[in-house]
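To find a chain, count down the sequence lines: A is the first, B the second, and so on, and within it residues start at 1. Just so you know, these numbers use all the heavy atoms, side chains as well, and skip hydrogens, waters and symmetry mates.
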Amino acid sequence: MITSGIEEKTFVLNLGPQHPSTHGVLRVLLEMDGEYITAAEPVIGYGHRAHEHMAENRNYQQFLPNMGRVDYLHALAFNQGYCMAVEKLLGLEVPERAEYIRVITNELNRLTSHLLWFGAYLMDLGAFTPFLYCFDDREHILDLLDSLTGSRLTYCFYRFGGVPKDIDDDFISGTRAFIHRLRSRWADYDNLVTKNVIFIHRTKGVGLFTKEQCQLYGITGPSLRGSGIPYDIRKSEPYSAYPQFHFEIPIGENGDIYDRYIVRLREMEQSCRIIEQALNKLPKGPIMAEKVPKRIKPPEGEVYTAVETARGEFGIYIVSQGDVKPYRIKLRVPSFANLSLMVESFKDNLVADVVAILGSIDVVIPEIDR
Amino acid sequence: MINYFKEILVGFWSLLAGMAVTIRYFTKPIVTVQYPREKIKMSPAYRGYPRLIIDPETQTHRCIACEMCARICPSQLITVEGIKFPGEKQKRATKYVHEHYYCSLCGLCTEVCPTSALEYSDEYRLAGYHREDAVLDHLVILQLRQTAAGLPVTAIPSAEEIAAAAAAEAAAKEAKAKAAAAAKKPQAGEEVKE
Ligand code: SF4
Ligand code: SF4
């Protein structure tokens, strides 16, 4: 065996910041030993816009549009988290119908987020076709949300005390038709992707997250549930109208990429269930709370509210000093914690799997950078 | 060994099943819109840039230059100026400039307006070559839309007219203050405040 002249050496490979599969501007430094990764370090902050600082310089309403831009894929959950926090500060009671509309639009938005993940992730793995099908489906939701909120991506729809626009019969029948259509597509998705042998080989047993690791790093969302921990804010700390609906929390077994994929697919079905129930039970009544003050000036105090976004727990902590501007707003975003575990799990994986693992936790970089 | 072949067969079958889906959709009508040859109608709720509504009764805008929209706008991008013209009850906008490149289309301005003077346009082609292309002067846009609809055009007051109105207003104020002062008879040492 020739040993002289060969030294053990590693080299550094730079992934990103402008890589099509880093879903934004994420840079990861990979220390490589041949094809294997020995260490990884994320470099974040390229998309930092100082949202938290902006909050301190704006009044409560003026911060509303910011919430659509932290996580642009599930903007309505962020809208809701913020509105819930301020409503809690003000002691506002949101009417039942408004809560239902919030749940319906929120779940539709979750569907768009998961559908986009589905398409973009498979594109990362090299499958182009599924992207076209899920974007066709997603387009229908965008049209529905467009007809209600007026925007297609960065929504700024909820207001303190309710929603500014009521849903009409067109929206309801359109949503029902869409859910019917989406359900008829599951079989196609299964045939195209879930049963595909290449997909299975690339995802089974890759990018394992153990339960302990997940708890250690504070992982939430489908990435956590893929590892078999049934934790969902909609169940564990129910908010809005969620306690009134029946739905399950799908969980995986092994915590590999395949499980996270299955969890997301099943979650889409659960979202459909929630929307259907909400449409069936939609109560009549006002959509805006009475006595919403024109000038939002909450009393002194602190609140924390958490909502379940498509990526996990989004928490918002507001400190009010009785001023028209918040004293401090802290955003707890799910992708940041998820990213930390992701780089950990890169270790001892092949470089070819990096993109597969990266995509599987559904990172949204603007949310990490915020 | 048997498993090995079974895996190959199942794998191959899964690929065929995926192909079948593609082939089935291949024969269905296409769903993409061939922009720019085809265009989609925007939904009524679509948020283009905010603009002034043409009131069906008066055939002009309803803006009273109260600056509520300018104050609530998160990006502080609206510049409204207005003045009370002699013989009119309320202020009237003399300038309404919207720097659209800062706009987040949040909807706060249209909701806060006391006279509901603002709506969203359905314009989505807003690309331009210069930054100034996105600075929208709403009074000019209003004139263009009025011309297109065959309505009488609302004139934008010139600088002289604004100055004259301002002078008239100042004079009226002074006269009022004087009258008030005369009625009140200020005591010695107290200054008359305007
Ligand atoms: S809030 Fe309405 S009336 Fe007041 S300045 Fe703005 S557009 Fe004009
Ligand atoms: S939509 Fe929002 S950002 Fe745009 S002008 Fe109105 S208040 Fe300002």
Problem - Any side-chain donor near an acceptor of the partner, Asn66(A) and Arg58(A), under 3.5 Å - result: yes
Problem - Thr149(A) portion near chain B, given a 4.5 angstrom heavy-atom threshold - result: backbone
Practice task
Can you tell which part of Asn196(A) gets under 4.5 Å to a heavy atom of chain B, answering side chain, backbone, both or neither?
Solution key: both
Practice task
Could you tell me whether the side chains of Tyr158(A) and Thr105(A) share a donor-acceptor contact shorter than 3.5 Å?
Solution key: yes
Completion exercise
If one checks every heavy atom of Arg159(A) against chain B at 4.5 Å, the contacting part turns out to be side chain
Fill in the blank from the handout: From the list Pro44(B), Ser43(B), Gly107(B), the residue making the most non-hydrogen contacts under 4.5 Å with chain A is Ser43(B)
Handout entry: Crowding at CZ, Phe12(B) (>12 non-hydrogen neighbours, <6.0 Å)
Key = no
Fill in the blank from the handout: When the 4.5 angstrom heavy-atom criterion is applied to Val31(B) and chain A, the contacting part is side chain
Handout entry: Contacting moiety of Leu192(A), where chain B heavy atoms sit under 4.5 Å
Key = both
Fill in the blank from the handout: Okay, Phe199(A) and chain B: the region with an atom under 4.5 Å from a heavy atom over there is neither
Problem - Gln62(A) and Gln76(B): CA distance, side-chain angles, deciding distance, side-chain contact (heavy atoms from CB on, under 4.5 Å) verdict - result: CA-CA 10 Å; Gln62(A) 287 177 341; Gln76(B) 302 282 300; 3.5 Å; yes
Exercise for the section: Could you tell me whether Glu38(B) atom CD has more than 12 heavy atoms of other residues or ligands within 6.0 Å of it? Expected result: yes
Exercise for the section: Report yes or no: do Tyr261(A) and Asp256(A) form a side-chain donor-acceptor pair below 3.5 Å? Expected result: no
Completion exercise
Looking only at Ile72(B), Leu105(B), Ile40(B), the option with the highest number of non-hydrogen pairs under 4.5 Å against chain A is Ile72(B)
